[in-house]
Chemist: 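Can you keep this structure in mind? I'll have questions shortly.
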Protein chains: 4
Amino acid sequence: MKKKQVPSMVKDQRLITKRRDQIVKAAVQLFNEKGYHKTTTREVAQQSGFSIGTLYEYIGSKEDILYLVCDSVYDMVVDQWAGLMDENLNGLERLKQVIEAYFRVVDALQDEVLVMYQNSKSLSGEARNYVLEKELRMKEMFEKELRNCIDAGYLTMTDEELDLACHNILVSGHMWTFRRWIVQREYTIDRYCELQLRQLFEGFGLNRQAPAEEKKTEIQTP
Amino acid sequence: MKKKQVPSMVKDQRLITKRRDQIVKAAVQLFNEKGYHKTTTREVAQQSGFSIGTLYEYIGSKEDILYLVCDSVYDMVVDQWAGLMDENLNGLERLKQVIEAYFRVVDALQDEVLVMYQNSKSLSGEARNYVLEKELRMKEMFEKELRNCIDAGYLTMTDEELDLACHNILVSGHMWTFRRWIVQREYTIDRYCELQLRQLFEGFGLNRQAPAEEKKTEIQTP
Amino acid sequence: MKKKQVPSMVKDQRLITKRRDQIVKAAVQLFNEKGYHKTTTREVAQQSGFSIGTLYEYIGSKEDILYLVCDSVYDMVVDQWAGLMDENLNGLERLKQVIEAYFRVVDALQDEVLVMYQNSKSLSGEARNYVLEKELRMKEMFEKELRNCIDAGYLTMTDEELDLACHNILVSGHMWTFRRWIVQREYTIDRYCELQLRQLFEGFGLNRQAPAEEKKTEIQTP
Amino acid sequence: MKKKQVPSMVKDQRLITKRRDQIVKAAVQLFNEKGYHKTTTREVAQQSGFSIGTLYEYIGSKEDILYLVCDSVYDMVVDQWAGLMDENLNGLERLKQVIEAYFRVVDALQDEVLVMYQNSKSLSGEARNYVLEKELRMKEMFEKELRNCIDAGYLTMTDEELDLACHNILVSGHMWTFRRWIVQREYTIDRYCELQLRQLFEGFGLNRQAPAEEKKTEIQTP
DNA sequence: AATGAATGAGCGTTCATTCAT
DNA sequence: TATGAATGAACGCTCATTCAT
């Protein structure tokens, strides 16, 4: 899936980049406050610091703004994520660090992530597919890490379980944004990382207890 | 938080209920297909089987439609959920059953749940709060169940962990709808219940270590 | 070529007809004054006596207004034309009467004809073809009349000449509108009919002179 | 009527002439393809080979482009027309040659003529009058020729008839462009010249038949 | 209680024109 | 002279809402 081309009437690539950064920044703020549909292109232009005419020198349609946001959010996430990584870790420590770094990036970019998360479904066709694919590529990053742990014997999982685990990690991150009205009232990001990591790795803590055997039989789905 | 009053020009309560059921049904379908903002009130009226004028005899504004949907979705979920419950179970068995029943209700009502989930943020003020509160009330249902297990010694959790666990359960259910483009391609609802329950209870399976074989065979659904 | 369907949100056919008549009347006046492109839909609505919203209850796009005008102009022309015809005439008298009646209808409907004539090229696709075909159908009316005269021995013409003669008649009529800035200053419609008919039938009057035969040879193009 | 002054920021007259020629050439092509109103100034600039800023160094407004086109079309027509003339002919032969040459110039410059013909009504005020006057000056060329023939006894016409005859000649030429969708499918320019000349000089050919006198009386409009 | 024609504020978008470089 | 980024008035069109019937 190729990156969708957003048309611009302006030739200077530097300027395009600069203006689009302004647009994305303005859009993230406005989309967060009022949502994509209730934000007008004029508001985006104004918040970006230029006129509606200028806005349309850098985009082809309102939807392009949303696409620009989604596209850049993934890049920002991946960039910042990479910056948080300690490459010296291995095994479960490394896995936990990858996940925690991800949570922390989502926290740092929560407005951006939330906008992307809540509005990407409003994209159409090409753009939508491109964004969905970027999402899958993020999932793959966790897959790789998990598989390493499995191959090294730190974890035991079927492929199916691994796949679902990745979904759960991703969603645990998103959750920090889309349920922020409640979870961010209840936890700091530090605490959230700690608790959520434990819950991802150990679940509800069944096996932390002594009489594991008893409980084990109870787990079975009827 | 009181139920928000949706104004109607019509007196007959029976008729109001009947018409609003039609409206909700029509809206769920349309909102799923095109989203709340891209669906027009005319379309809702037509799909409901009456005129735009009649529609406005039973609602005060477009937002009321969304509110009606969200409100009724919670009721439907709770109703169907109750219907799936086997009141004879206890302990962890009961907890698992509550969660699985919840997953299955979400699956049965996935269009409804998805609409509510993706659009409730478009509600404003009073209505929004009411819906958020309903969400919290669902969380409380899991809290109650989990606390029972804790009190009975089946689980060991701090209050903080319990709270997060409830969020995770709820989100695991929602996930079945808002990631359906990928998860419903990968799993049946049966398999999803099984795997997700295991992951909620045991996490990534760190502690499965020693008698791994034993456990794995036991867990599998026949 | 089928009549293009102009979409309407209104169900009452009587009302549609009435409103569209208002629209056509308003549009003819405005298009005459300022041209199609410089006339705004809001102006058409206002001149029609209703709001922009109502205008769009009866058309699908601005182009539909132009199409409505073109379509109705042909019908008006044909109607009024038929009304002017004396069916008792025959031979050249009848032919002359058909042409003169046509000129007089064009005069009576000159605003309408001019609008159609000057703007029909702005129609696109289906609508354009439909209008061109209506034009051809008018040409056929003259073809039929001329052929009758030829068959009855009143005129001698090849098919090629007949065809061109029809174009010339049609254009002589249109001319009364698209050159009205000059011809209507110079002639009354009565005089125009008289002179133009003579010129169509006799040309520059070469043969009005005595030694007609001589001159005929001179006329031929080398 | 004076030539309208088109403002330019540039001093060098040679450059002005050169750039305006580029503009006219580009505009003729674009106006033919999409019409004056649907062509943007940017497109004209691009097609001319320079930037929008440069375009506005040589014109004052979009309408000036149209004026430039109309103005130059007349000049081109007159130039090429003069080039086709055999000055040795006299009498009716000369008249026919003048008309045929005119037809052939219109054919050679049909894009230009059509653009001028279909869009000159979009000019305003001064420019419009100037163009209309140029049109009248062309008419005068035919008047002069016809009057020579009349004075020399080759034709017999009243002033009124002469005037209308000139309109008819002019329009016969324009017709080759504005009805080209049909007439150029039916005739070559050679054939068109031949047939149209015959029809202009002899009309429908009433008098080609024996009893010319009889018919003449019939022609008269009552 | 039901209808649907009417309304008009407001949206996304275009494009002729300007002016600093 | 040439450039092209910036501007914003103005356009075509939509749609939630009202109200006379």
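Throughout, a chain's letter reflects where its sequence line sits, starting with A, and its residues are numbered from 1. What you see below is based on every heavy atom in this structure, not just the backbone, and it leaves out hydrogens, waters and symmetry mates. This one's a predicted model, so the numbers in the text were calculated from it and none came from an experiment.
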Chemist: From CZ of R14(A) over to P of dG4(F), roughly how many Å is that when rounded to an integer?
Modeler: 17 Å

Chemist: Which base, if any, makes a Watson-Crick or G-U wobble pair with dT13(E), both distances under 3.5 Å?
Modeler: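 Answer to the pairing question: dA10(F), which forms a Watson-Crick or G-U pair with dT13(E).
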
Chemist: Within the 4.0 Å heavy-atom criterion, would you say T54(C) contacts the bases, only the backbone, or no part of the nucleic acid?
Modeler: base

Chemist: Would you say N32(B)'s side chain and D111(B)'s backbone share a donor-acceptor pair under 3.5 angstrom?
Modeler: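 Side chain of N32(B) to backbone of D111(B): a pair is present.
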
Chemist: Rounded off to whole Å, could you give me the CG-to-C1' distance for the L66(B) and dA16(F) pair?
Modeler: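 After rounding, the gap between these two atoms is 15 Å.
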
Chemist: Taking only N and O in the side chain of Y58(A), is any of them less than 4.0 Å away from OP1 or OP2 of dA5(F)?
Modeler: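 False: Y58(A) side-chain N/O out of range (4.0 Å or more) of dA5(F) OP1/OP2.
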
Chemist: Does M9(C) reach a base, just sugar-phosphate, or nothing at all? Heavy atoms under 4.0 Å.
Modeler: sugar-phosphate

Chemist: What is the distance, to the nearest angstrom, from the CG atom on L15(C) to the C1' atom on dA20(F)?
Modeler: 14 Å

Chemist: I59(D) CD1 to dA16(E) C1': how many Å, rounded?
Modeler: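 Result: 9 Å.
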
Chemist: Closest nucleotide of DNA chain E for T39(D) versus for T39(A): which of these residues is on the 5' side?
Modeler: T39(A)

Chemist: Quick check on DNA chain E: between L55(B) and T40(A), whose nearest nucleotide comes earlier from the 5' end?
Modeler: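 Its nearest nucleotide being more 5', the pick is L55(B).
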
Chemist: Here's a test of your reading of the structure: between K11(D) and I52(B), which maps to the more 5' nucleotide of DNA chain F?
Modeler: K11(D)

Chemist: Starting from P on dC15(F), measure out to CD on E63(B) and report it in whole angstrom.
Modeler: 18 Å

Chemist: For the residue pair Y36(A) and F31(A), categorise the inter-ring angle as parallel (less than 30°), tilted (30 to 60°) or perpendicular (more than 60°).
Modeler: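 Plane angle over 60°, so perpendicular.
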
Chemist: Measure up the Y67(A) and Y130(A) rings against each other and bin them: parallel (under 30°), tilted (30 to 60°), perpendicular (over 60°).
Modeler: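 Taking Y130(A) first and then Y67(A), their aromatic rings sit tilted (interplane angle of 30° to 60°).
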
Chemist: If we call it a pair only when both distances are under 3.5 Å in a Watson-Crick or G-U wobble match, what pairs with dT18(E)?
Modeler: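 In the structure as shown, dT18(E) has dA5(F) as its Watson-Crick or wobble partner.
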
Chemist: So, OP1 or OP2 of dC15(F): does either fall under 4.0 Å of a side-chain N or O from T41(B)?
Modeler: no

Chemist: Just the rounded figure in Å: distance from P of dA16(F) to CG of D64(B).
Modeler: 13 Å

Chemist: Without decimals, in angstroms, what is the distance between K38(C) NZ and dA16(E) P?
Modeler: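 One finds 12 Å between P of dA16(E) and NZ of K38(C), rounded.
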
Chemist: Can any side-chain N or O of S8(A) pair as donor or acceptor with the backbone N or O of V10(A) at less than 3.5 Å?
Modeler: yes

Chemist: Within this structure, what is the NZ-to-P distance between K62(D) and dA16(E), rounded to whole angstrom?
Modeler: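 Rounded to whole Å, this separation is 5 Å.
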
Chemist: Tell me whether D71(B) is salt-bridged to K4(B), with the criterion being a basic N under 4.0 Å from an acidic carboxylate O.
Modeler: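 Judged by the 4.0 Å cut-off on N to carboxylate O distance, D71(B) and K4(B) do not form a salt bridge.
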
Chemist: Return no unless some side-chain N or O of Y56(A) is found under 4.0 Å from OP1 or OP2 of dT14(E).
Modeler: no

Chemist: Within the 4.0 Å heavy-atom criterion, would you say S8(B) contacts the bases, only the backbone, or no part of the nucleic acid?
Modeler: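 No contact.
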
Chemist: Using a distance-only criterion (donor-acceptor N/O pair, under 3.5 Å, no hydrogens), is the base of dT13(E) paired with the side chain of R42(A)?
Modeler: yes

